[in-house]
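A short write-up of the structure that comes next.
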Amino acid sequence: MLHELSIRTRARNEMVDITADIREAVARSGVAEGICHVFVPHTTAGVTVNEKADPDVARDILDALSRLVPEGAGYRHAEGNSDAHVKSTLAGVSAFVPVRGGDAALGTWQAIFFCEFDGPRTRRCFVRVLGGGTTTDRDRR
Ligand code: ZN
């Protein structure tokens, strides 16, 4: 089943921690072992996995992207949001997370972030959990 999240963003550039929503979708799917695919159906937003422990990491990522891709830097696209389109491509619009023991197998410091580059807006995010494979003793370590 395709699970759909609705995400309200509050700034033009923002990283929203959606880990709890993804974990809930994984739990609801009933899949114990498999993979979770997260897809952002937008051209000026993205998804990435990175550190949640220090919120400055997300701020640094947004600042670095804005230095790499400045707003209004002579782009052709008449809508005026080409920086957001380029950032979407840099971040990517999908992420895969392994599912183990009925939960997203993220690292201790990892979180899944919805990346807004042209907000504030109400956005969507699709989550599909696919079952498959078996847990081995090696995976459990
Ligand atoms: Zn545009």
Side-chain angles (χ1 to χ4, degrees), residues 1-136 138-141:
M1 195 187 85
L2 190 65
H3 186 81
E4 184 174 329
L5 306 180
S6 178
I7 300 157
R8 178 76 202 147
T9 62
R10 301 177 191 292
R12 182 153 197 273
N13 291 281
E14 184 182 6
M15 284 169 68
V16 181
D17 184 351
I18 57 170
T19 311
D21 300 296
I22 303 298
R23 286 197 196 275
E24 193 189 319
V26 170
R28 266 203 245 167
S29 74
V31 170
E33 307 298 324
I35 197 153
C36 174
H37 181 232
V38 182
F39 181 78
V40 170
H42 300 289
T43 61
T44 55
V47 62
T48 196
V49 177
N50 214 303
E51 179 173 332
K52 61 163 189 252
D54 180 1
D56 277 341
V57 172
R59 290 187 198 117
D60 283 343
I61 290 169
L62 291 176
D63 288 350
L65 285 171
S66 290
R67 281 195 302 275
L68 282 170
V69 191
E71 210 177 327
Y75 305 105
R76 291 178 183 84
H77 178 50
E79 203 183 15
N81 62 352
S82 268
D83 60 314
H85 289 290
V86 175
K87 287 173 179 176
S88 171
T89 283
L90 289 175
V93 293
S94 72
F96 284 102
V97 179
V99 173
R100 183 178 57 192
D103 191 18
L106 290 163
T108 306
W109 309 111
Q110 285 182 320
I112 304 161
F113 292 94
F114 177 89
C115 304
E116 175 64 83
F117 301 122
D118 195 21
R121 298 191 195 206
T122 299
R123 300 291 207 169
R124 294 186 303 158
C125 181
F126 297 139
V127 185
R128 190 184 291 278
V129 185
L130 302 166
T134 54
T135 302
T136 64
R138 188 185 181 87
D139 288 335
R140 283 198 198 93
R141 272 184 227 141

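Note that the coordinates shown come from a computational prediction; the quantities given were computed from them, not determined experimentally. In each ligand, atom 1 is the first atom listed, and ligand 1 is the first ligand listed.
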Any luck finding a side-chain donor-acceptor pair between Thr44 and Arg123 under 3.5 Å? yes
Ring-plane angle category for His77 and His85, please: parallel below 30°, perpendicular beyond 60°, tilted otherwise. perpendicular
The Zn ion (ligand 1) - closest N/O/S atom in Glu79: OE1
Taking both backbone and side-chain atoms into account, decide whether Asp118 has an N/O/S atom under 2.8 Å from the Zn ion (ligand 1). no
Output yes when a side-chain donor or acceptor of Arg23 lies under 3.5 Å from a complementary backbone atom of Asp103, and no otherwise. no
Picking from Lys87, Glu116, Glu71, what satisfies side-chain hydrogen bond (donor to acceptor under 3.5 Å, both in side chains) with Asn13? Lys87
N, O or S from Asn81 under 2.8 Å to the Zn ion (ligand 1): yes
With the Zn ion (ligand 1) at the center, what angle do NE2 from His77 and NE2 from His85 span, rounded to 10 degrees? 100°
